[in-house]
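In what follows, a structure is listed as structure tokens, so that the remarks can point back to it.
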Amino acid sequence: MKEVRRLVSVSDLRVHFNGRSSGILGKPFPIKVVNGVSFEVFQGETLGLVGESGCGKTTLGRALIRLGDGEASGKVEFEGRDITTVTNRQFRSLRKEMQMIFQDPFGSLNPRLTVGQMLTEVLLVHGIAKGEAARKRIDELLRVVGLSGEYRNRYPHEFSGGQRQRIGIARALAVNPKFIICDEPVSALDVSIQSQIINLLKDLQRDLGLTYLFIAHDLSVVEYISDRVAVMYLGSIVEIAESTELYANPKHPYTRALLSAIPHPEPGAKQERILLNGDLPGPLNIPSGCPFHPRCPVATPECGTRVPQLKALSHNKNHQVSCLLYENE
């Protein structure tokens with residue numbers, strides 16, 4: 001049996017931003033965006049991360065590679081090394097191993113530089129190649145993502161959204177990373193282009209042995225690309241399971257509500273929709289007890305006073321859920 005190696009391990013990760021109450025003498029207070037998150041990512045897999053807008057998915061992803069502006073605590077280990085304790089200079093060597101593909105394929109590219117100049121800059125900064133070797137490397141990167149080497153002399157505005165996202169992928173691949181955080185990489189693209197980018201990512205993973213954290217709100221896309229899925233609500237992970245298990249047997253009431261919103265492929269098919277009361281609370285107003293209890297259709301009085309822990313189910317250790325209903329299961 002092939003050994004499964006843990007590539008990334010996150011323990012009690014918290015990210016908060018500093019707010020200040022109104023008035024001249026306003027008092028500072030923390031805005032808790034990521035609140036005690038723990039999970040693992042295994043080599044060669046895709047871990048999907050889903051949840052409503054504003055739940056902290058992107059902040060979590062950026063915190064893993066120290067791109068966020070907030071104050072982070074907890075532990076993030078990459079290949080067994082705690083990267084939260086290293087200096088910025090020490091982390092620079094690790095930056096090559098951990099890259100990010102951003103949501104906006106236009107805003108993430110420098111409009112003043114050609115594709116070749118952008119990729120050359122990456123190769124030079126990390127000491128990978130220069131001169132003719134860099135040019136050959138750029139042509140190879142563009143070919144790998146489905147673009148012609150002739151495109152290296154063009155500027156970002158000369159490309160379509162799908163082509164710009166391919167350039168963003170090429171930039172991430174330029175340093176030969178092991179782990180890539182995909183932050184909603186297809187949400188800004190047309191549906192037909194989305195499938196092309198998703199299939200490209202799957203092909204690259206197979207050919208290059210990549211590991212992904214795939215952040216998205218489109219549950220159909222996540223189901224297609226992910227090996228495991230983590231569901232996030234208001235800064236906390238409420239359920240983690242293998243993709244097939246989670247979609248077939250969701251446990252947390254929030255997960256069930258999300259999955260019930262997926263459109264049925266058969267026109268006219270009956271579908272039970274679970275409607276939640278109210279909107280997602282903000283990080284300034286996190287409810288006591290279980291953060292989901294004000295919107296939960298099966299909440300009990302105890303849910304408002306006790307904070308559930310993310311625990312594995314007794315009959316399936318690979319399925320974890322944070323809900324008092326399953327505390328003793």
Side-chain angles (χ1 to χ4, degrees), residues 2-18 30-51 55-102 122 125-128 171-183 205 208-215 226-241 283 307 309-312 317-318 320 322:
K2 186 178 179 181
E3 181 182 358
V4 179
R5 189 167 73 93
R6 183 174 57 197
L7 187 69
V8 179
S9 179
V10 181
S11 302
D12 195 31
L13 179 64
R14 300 173 186 269
V15 181
H16 74 264
F17 295 82
N18 294 319
I31 303 173
K32 301 176 182 178
V33 180
V34 178
N35 195 16
V37 167
S38 300
F39 63 92
E40 297 174 330
V41 186
F42 298 99
Q43 186 176 22
E45 79 163 348
T46 297
L47 175 64
L49 181 62
V50 301
C55 71
K57 304 186 301 295
T58 294
T59 301
L60 169 60
R62 295 175 71 92
L64 296 185
I65 54 175
R66 293 169 54 160
L67 285 180
D69 297 325
E71 296 186 18
S73 62
K75 180 183 290 188
V76 178
E77 292 183 338
F78 180 76
E79 293 189 319
R81 182 180 182 183
D82 185 357
I83 65 174
T84 57
T85 59
V86 300
T87 65
N88 290 333
R89 185 173 184 178
Q90 292 171 327
F91 186 70
R92 183 175 177 180
S93 62
L94 289 169
R95 181 75 71 186
K96 292 191 295 184
E97 310 287 346
M98 310 169 73
Q99 289 290 301
M100 193 165 193
I101 299 170
F102 298 92
V122 174
V125 166
H126 291 282
I128 295 174
R171 181 177 57 186
L173 295 177
V175 292
N176 298 315
K178 296 178 181 178
F179 178 53
I180 297 180
I181 298 170
C182 306
D183 183 18
Q205 183 177 47
L208 303 177
L210 298 172
T211 302
Y212 296 141
L213 174 66
F214 191 90
I215 301 170
S226 301
D227 300 294
R228 291 187 302 133
V229 177
V231 181
M232 195 168 182
Y233 182 81
L234 206 58
S236 301
I237 289 180
V238 298
E239 189 165 5
I240 304 178
V307 179
Q309 302 300 311
L310 188 66
K311 293 183 177 180
K317 298 301 182 183
N318 294 323
Q320 297 175 281
S322 174

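This chain uses plain numbering: 1 for the first residue, then up along the sequence.
- Here Thr46 pairs with Gln205 under the side-chain hydrogen bond (donor to acceptor under 3.5 Å, both in side chains) rule; sequence neighbours left out.
- Across all non-hydrogen atoms, the minimal contact from Ser322 to Leu310 is N-CD1, 3.7 Å.
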Check your understanding: Please walk me through it: do Gln99 and Arg171 pass side-chain contact (heavy atoms from CB on, under 4.5 Å)?
Key -> CA-CA 9 Å; Gln99 289 290 301; Arg171 181 177 57 186; 5.7 Å; no
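- We find the CG-SG distance between Leu213 and Cys182 to be 8.0 Å, quoted to the nearest 0.5 Å.
- Residues Val175 and Val125 fail the side-chain proximity criterion, which asks for heavy atoms closer than 4.5 Å.
- Contacts classified as salt bridge (charged side-chain N to carboxylate O under 4.0 Å, His left out) and involving residues 86-95 (residues at least two apart or in different chains) are not found.
- Residues that satisfy the salt bridge (charged side-chain N to carboxylate O under 4.0 Å, His left out) test with Asp12, not counting sequence neighbours, are Arg14.
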Practice item. In sequence, state the C-alpha distance, the side-chain angles, and the governing distance for Leu94 and Arg81, and then conclude on side-chain contact (heavy atoms from CB on, under 4.5 Å). Key: CA-CA 10 Å; Leu94 289 169; Arg81 182 180 182 183; 4.1 Å; yes
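- By the 4.5 Å heavy-atom criterion applied to side chains, Val238 and Met232 are not counted as neighbours.
- Scanning both residues, Val34 and Leu13, for their nearest heavy atoms gives CG1-O, 3.5 Å.
- Taking CZ from Phe39 and OG from Ser9, the interatomic distance works out to 9.0 Å, rounded to the nearest 0.5 Å.
- Scored by the side-chain hydrogen bond (donor to acceptor under 3.5 Å, both in side chains) test, Tyr212 finds no partners at all (sequence neighbours excluded).
- Nearest heavy atoms, Ser236 versus Val37: CA-CG2, 4.2 Å.
- In this view, Asn18 and Glu71 satisfy the side-chain hydrogen bond (donor to acceptor under 3.5 Å, both in side chains) rule, not counting sequence neighbours.
- Annotation: side-chain contact (heavy atoms from CB on, under 4.5 Å) contacts of Leu208 (sequence neighbours excluded): Leu173, Leu204, Leu210.
- For residues 30-49, the pairs satisfying salt bridge (charged side-chain N to carboxylate O under 4.0 Å, His left out) are Arg6-Glu40, Glu45-Arg228, with sequence neighbours left out.
- Residues Arg66 and Val86 form a side-chain contact, since some pair of their non-hydrogen atoms from C-beta on lies under 4.5 Å apart.
- Take Phe102 and apply the ring pair (Phe, Tyr, Trp, His ring centres under 6.0 Å) test, not counting sequence neighbours, and it matches no residue.
- In this structure, CD in Glu79 is found 3.5 Å from NZ in Lys178, a value given to the nearest 0.5 Å.
- Looking at residues two or more places apart in sequence or on another chain, you find a side-chain contact (heavy atoms from CB on, under 4.5 Å) between Asn176 and Arg137.
- Scanning for side-chain contact (heavy atoms from CB on, under 4.5 Å) contacts around Ala230 gives Leu47, Leu49, Ile237, Ile240, with sequence neighbours left out.
- Shown here are the side-chain hydrogen bond (donor to acceptor under 3.5 Å, both in side chains) partners of Asp82, two or more places apart in sequence or in another chain: Thr84.
- The shortest non-hydrogen separation linking Leu64 to Ile83 is O-CD1, 3.3 Å.
- Met100 contributes atom CE, which lies 6.0 Å from atom OG1 of Thr58 (distance to the nearest 0.5 angstrom).
- The side-chain contact (heavy atoms from CB on, under 4.5 Å) test applied to Val33 returns Phe17, Ile31, Thr59, not counting sequence neighbours.
- Expressed to the nearest 0.5 Å, how far CZ of Phe214 lies from CG of Asp183 amounts to 10.0 Å.
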